[in-house]
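All remarks here apply to the structure that follows.
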Amino acid sequence: MSQRVCLDVLRFLGCSGWMGRSRRRSRRLAPLGIVTISLGLVLALGMGLGPLGAFPARGSTPAPPDAAADPAPAPAPAPGPLLQLPSVLGWPNPPQESLRETWVHLDGRPLFRITADATMLGDRRREVQGALNAAAETLFDQPDEPIRFEIRQRASLPTLYLNDRYLMTVLESDARLERLSPEAWAVSKGERLRAALEQGRRERRPTQQAQAQRQAIALAAATFGATVALEGVRRWLQRRDRRPRPPQPGSTLLDTQLRALRRKNWLALRDLLLTLTPPTLWLVTGLTIAGWFPQTRVLQTWGTQNLNLYLGLGAIALGTYAVIRLSFVATDRFVGAVLVGTQLSTRPPARLQQRVFTISSLVKSIVTVTLAIAGMLVALLFLGVDIGPLIAGASLIGVALSLASQSLIKDAINGCLILLEDQYAVGDVIVVKANEIYGQVENITLRVTQLRDPEQRLITIPNSEIRIVSNLSSHRSQADLKIPIAYGSDLEAAIAEIEAVNNTLLIDPAWRPLILSEPKILGVDEFADTGLIVRVWIETLPLKQWDVAREFRRRLKLAFDRAQIAMATTQMAVAMTGLHRRDRRDRQNPDPWAGDPASELPPAAY
């Protein structure tokens with residue numbers, strides 16, 4: 001993945017032609033390109049980009065909201081006290097019920113909280129943040145200038161000044177957040193502001209910048225090495241997974257298949273984690289490096305504040321997916337242990353396999369829906385949504401839907417009974433008596449059963465409509481053969497030929513595994529209109545009765561032909577009289593209407 005990203009970047013920079021000349025060269029240079037890009041980003045972040053806090057123009061001081069209303073000069077070198085009085089009046093103490101708060105930052109670090117009405121909070125924050133950014137920019141550009149912090153009283157409220165620059169007026173609601181008086185709040189926040197400005201000056205020194213750059217390069221190199229190592233581990237695991245795994249001694253086919261399903265779920269979860277780990281590492285590395293430089297620390301603050309929501313939702317989705325995969329593993333293990341350990345273990349392996357896979361798929365579907373709903377509720381809780389009314393409303397909706405969809409409830413109940421009683425499973429051939437529908441079961445859910453008929457049509461039947469069902473492949477099957485023999489044929493010779501065909505079929509290695517017991521010749525079963533009916537039963541494996549019956553009929557027909565034994569057929573004798581008189585009359589009367597009383601009528605009358 002890292003090589004692909006590097007190649008895309010080089011292709012965007014116009015190097016696609018040179019890189020495309022040699023695939024091997026591009027693979028060798030991909031890690032070098034990644035290192036180069038990483039170092040360039042680190043150096044760009046660490047050197048001379050200037051603050052990214054959207055500072056106002058250097059030397060400018062934002063005016064209070066109503067400064068134009070009072071043009072009186074100020075006694076101080078900076079904007080005078082009378083100019084700040086309208087600012088105090090412009091930001092009144094908001095009522096307690098409409099009070100909102102926000103943070104003021106310096107170099108991406110939170111300093112203190114301010115309050116205002118919900119409709120005025122944004123304007124006040126922009127005013128205070130803009131004044132602080134302008135004053136800090138001037139101090140950072142003049143590292144030898146001392147930091148002078150002053151508190152002046154205007155309109156009975158303390159007003160903060162930094163090097164004769166107006167910062168803000170402290171409201172009572174601001175001090176109420178920390179249970180302090182406005183004067184005590186101004187003193188404590190002034191000391192914190194002084195410490196933050198001194199720290200900002202230290203971080204902008206060349207020695208500190210060089211040390212941060214070295215740390216950033218080391219961290220980026222470590223992250224790159226971890227990414228390459230994870231990519232190598234992922235490829236090694238993929239090569240190992242492609243190797244054939246010998247079956248464990250003493251394990252049945254069902255155990256092997258269940259183990260393969262569990263391993264498939266483990267591998268899916270492992271591959272997802274290996275895929276998401278490298279971008280997560282680079283995201284954490286980028287935010288960490290951004291926090292080491294005062295010019296880019298605002299990116300770290302923005303990322304932690306804005307990406308927190310998306311990362312939390314992503315973690316919930318990833319956790320839900322992981323729990324679902326682990327539930328698949330537990331379901332395969334539990335269902336296999338229960339069904340193999342009960343009386344079902346005496347059933348044929350193919351039938352047991354069908355039962356296990358059918359119940360396992362159904363349980364997995366129910367668990368997936370349940371865990372997905374639980375994950376959605378957790379996500380809503382993370383977003384701060386009160387899910388109590390939602391759950392109550394969902395329960396009422398569920399009751400209404402249950403009353404309106406009783407047929408669906410019947411389908412679900414009948415589907416559970418079908419699975420618990422093992423009436424049929426996926427792969428069985430059934431006949432639904434109520435609808436005279438015949439086909440092979442392709443899918444079973446709690447609501448419907450899907451059949452595939454001999455014409456390959458997919459038939460969907462609600463489970464509540466399946467009342468009487470004939471399973472043609474449950475545990476064993478039987479070929480019921482009715483052999484017609486002509487009345488004039490030797491019956492004893494015909495039965496002897498049938499026994500000979502039975503014996504040859506039993507010793508044939510291609511057909512003997514399909515026959516469970518020796519075929520039974522029941523004898524003459526019926527006197528039909530066309531001949532005698534001799535009945536033969538052949539017990540076979542499930543779904544093999546039709547193959548065995550076709551082969552038996554083929555061999556029996558050849559044996560009867562060799563022994564000259566006639567099989568009963570339907571014959572019809574047609575006697576035709578009076579043709580010679582009709583022919584003579586036609587020769588005497590060429591006109592077909594001559595001699596016929598109806599010939600006097602015109603042909604249109606017929």
Side-chain angles (χ1 to χ4, degrees), residues 1-16 18-49 52 108 203 206-243 266-304 307-308 310-312 314-315 317-319 321-322:
M1 181 181 65
S2 57
Q3 293 182 0
R4 191 181 305 112
V5 172
C6 180
L7 292 177
D8 292 339
V9 173
L10 292 175
R11 193 175 295 113
F12 175 76
L13 296 176
C15 303
S16 58
W18 179 78
M19 295 296 293
R21 296 172 187 171
S22 174
R23 189 176 184 86
R24 184 177 302 174
R25 179 189 301 171
S26 62
R27 290 181 178 177
R28 284 200 310 265
L29 294 180
L32 179 60
I34 295 175
V35 174
T36 305
I37 295 171
S38 302
L39 294 181
L41 290 176
V42 171
L43 294 177
L45 291 176
M47 299 178 64
L49 290 179
L52 299 179
E203 290 177 345
T207 56
Q208 293 291 332
Q209 293 281 310
Q211 181 180 358
Q213 291 171 10
R214 289 192 295 269
Q215 293 177 352
I217 293 173
L219 182 58
T223 305
F224 174 73
T227 303
V228 174
L230 286 174
E231 181 67 18
V233 170
R234 188 180 67 85
R235 294 188 178 185
W236 176 76
L237 290 175
Q238 288 180 350
R239 289 193 300 268
R240 191 191 66 174
D241 296 338
R242 285 193 291 265
R243 299 172 186 171
W266 280 115
L267 292 181
L269 183 58
R270 183 203 69 189
D271 292 341
L272 179 63
L273 293 178
L274 289 177
T275 303
L276 295 180
T277 301
T280 304
L281 284 177
W282 281 107
L283 178 61
V284 174
T285 300
L287 292 179
T288 304
I289 293 176
W292 286 345
F293 299 94
Q295 298 89 346
T296 59
R297 191 174 294 118
V298 65
L299 295 178
Q300 185 188 52
T301 304
W302 178 87
T304 53
L307 297 181
N308 184 31
Y310 302 104
L311 293 178
L318 180 61
Y321 177 80

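One is the number of the first residue; the rest follow in order along the sequence. As the structure is a computational prediction, the values presented were derived from the model and not from experiment. Worth knowing before you read on, the calculation uses all heavy atoms, side chains too, and leaves out hydrogens, waters and symmetry mates.
Separating the CZ atom in R235 from the CG atom in L237 is a distance of 12.5 Å, to the nearest 0.5 Å. For the atom pair CG of L273 and OH of Y321, the computed distance is 9.5 Å after rounding to the nearest 0.5 Å. Interatomic distance, CD of E231 versus CG of L274, reported as 9.5 Å (0.5 Å rounding). In this structure, the separation between CD on Q208 and CD on Q213 is 11.5 Å, given to the nearest 0.5 Å. Rounding to the nearest 0.5 Å gives a distance of 8.5 Å between OG1 of T280 and CG of L318.
Counting only distance, with no hydrogens or angles, the side chain of Q300 and the backbone of L287 share a donor-acceptor pair below 3.5 Å.
Residue pairs meeting the salt bridge (Lys or Arg N to Asp or Glu O under 4.0 Å) criterion with at least one partner in residues 282-303, sequence neighbours excluded, are E203-R297. Annotation: salt bridge (Lys or Arg N to Asp or Glu O under 4.0 Å) contacts involving residues 210-224, sequence neighbours excluded, are absent. Applying the salt bridge (Lys or Arg N to Asp or Glu O under 4.0 Å) test to every pair with at least one member in residues 278-288, sequence neighbours left out, gives no pairs at all. Within the structure, salt bridge (Lys or Arg N to Asp or Glu O under 4.0 Å) contacts touching residues 283-296 (residues at least two apart or in different chains) do not occur.
T285 meets the side chain to side chain contact (heavy atoms under 4.5 Å, CB included) test with L219, T223, I289; sequence neighbours excluded. Remark: A322 engages L269 in a side chain to side chain contact (heavy atoms under 4.5 Å, CB included) (not counting sequence neighbours). Residues passing the salt bridge (Lys or Arg N to Asp or Glu O under 4.0 Å) test with D241, sequence neighbours excluded: R263, R270.
Closest non-hydrogen pair, A212 versus W292, comes out as CB-O, 3.9 Å.
A 4.5 Å side-chain heavy-atom check between Q209 and P294 finds at least one atom pair inside the cut-off.
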